[in-house]
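One structure is given here, and the rest of the page talks about it.
The basis for the numbers below is simple: all heavy atoms, side chains too, and nothing from hydrogens, waters or symmetry mates.
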Amino acid sequence: MRLPSKPVLIRICIYGPLLAYFGYLACQRYKAEQAEQAEQNAAPVLEGRKHTFTLPDGKSVEVVEISEDQARQMGLDPDRSGPPSKAEAPAKAAGAEESKSPPVAPAPTN
């Protein structure tokens with residue numbers, strides 16, 4: 001079998017990898033779009049009050065307030081709280097002494 005002429009081989013060596021590269025990029029973009037569309041279809045439609053917050057870096061985030069029933073339907077436990085904040089500091093145990101050191105003396109005034 002005889003090989004094609006030299007100009008045809010050069011064109012195959014140049015355009016073959018280019019077509020393969022751009023085909024690969026198109027395939028990756030198609031898969032990403034399909035995954036994004038599937039994610040949008042799978043996300044539940046939340047009904048409630050919507051707020052839009054602007055973050056310091058300029059991005060805006062939409063937050064939806066949901067009821068406790070909606071949270072339970074999504075598999076979340078609204079009764080369980082996260083770590084206590086400063087306002088919700090844990091109560092001291094009953095009978096525990098405040099401190100064993102003597103009280104601090106007031107500073108003299110001149």
**OP:** To the nearest 0.5 Å, tell me how far Ile66 CD1 sits from Arg49 CZ.
**Re:** 13.5 Å
**OP:** Go through the structure and list residues passing side-chain hydrogen bond (donor to acceptor under 3.5 Å, both in side chains) with Glu65, not counting sequence neighbours.
**Re:** His51
**OP:** Please name all residues satisfying side-chain hydrogen bond (donor to acceptor under 3.5 Å, both in side chains) with Tyr24, sequence neighbours left out, ordered by chain then number.
**Re:** Gln28
Original post:
Which residue pairs satisfy the side-chain hydrogen bond (donor to acceptor under 3.5 Å, both in side chains) criterion with at least one member in residues 4-16, sequence neighbours excluded?
Top reply: none
Subject >> side-chain contact (heavy atoms from CB on, under 4.5 Å) partner of Ile10, chosen from Ile14, Ile12, Val8 >> reply: Ile14
Original post:
In the hydrophobic clustering that connects Ile, Leu, Val, Met, Phe, Trp and Tyr at side-chain heavy-atom distances below 4.5 Å, which members other than Val63 occupy its cluster, ordered by chain and number?
Top reply: Phe53, Leu55, Val61
Original post:
Of all residues at least two apart in sequence or in a different chain, which pass the side chain to side chain contact (heavy atoms under 4.5 Å, CB included) check with Pro56?
Top reply: none
Subject >> Nearest atoms (heavy-atom pairs only) where Leu9 meets Pro4 >> reply: CD1-O, 3.8 Å
**OP:** Sort and list the pairs that fulfil salt bridge (charged side-chain N to carboxylate O under 4.0 Å, His left out) and have at least one residue in residues 54-63, not counting sequence neighbours.
**Re:** none
**OP:** Let me know which of Leu25, Leu18, Leu19 forms a side-chain contact (heavy atoms from CB on, under 4.5 Å) with Tyr21.
**Re:** Leu25
Original post:
Who else is in Met1's hydrophobic cluster (ILVMFWY, side-chain heavy atoms under 4.5 Å, direct or via others)?
Top reply: none
Subject >> Qualifying residues under side chain to side chain contact (heavy atoms under 4.5 Å, CB included), relative to Gln34, sequence neighbours excluded >> reply: Tyr30, Gln37
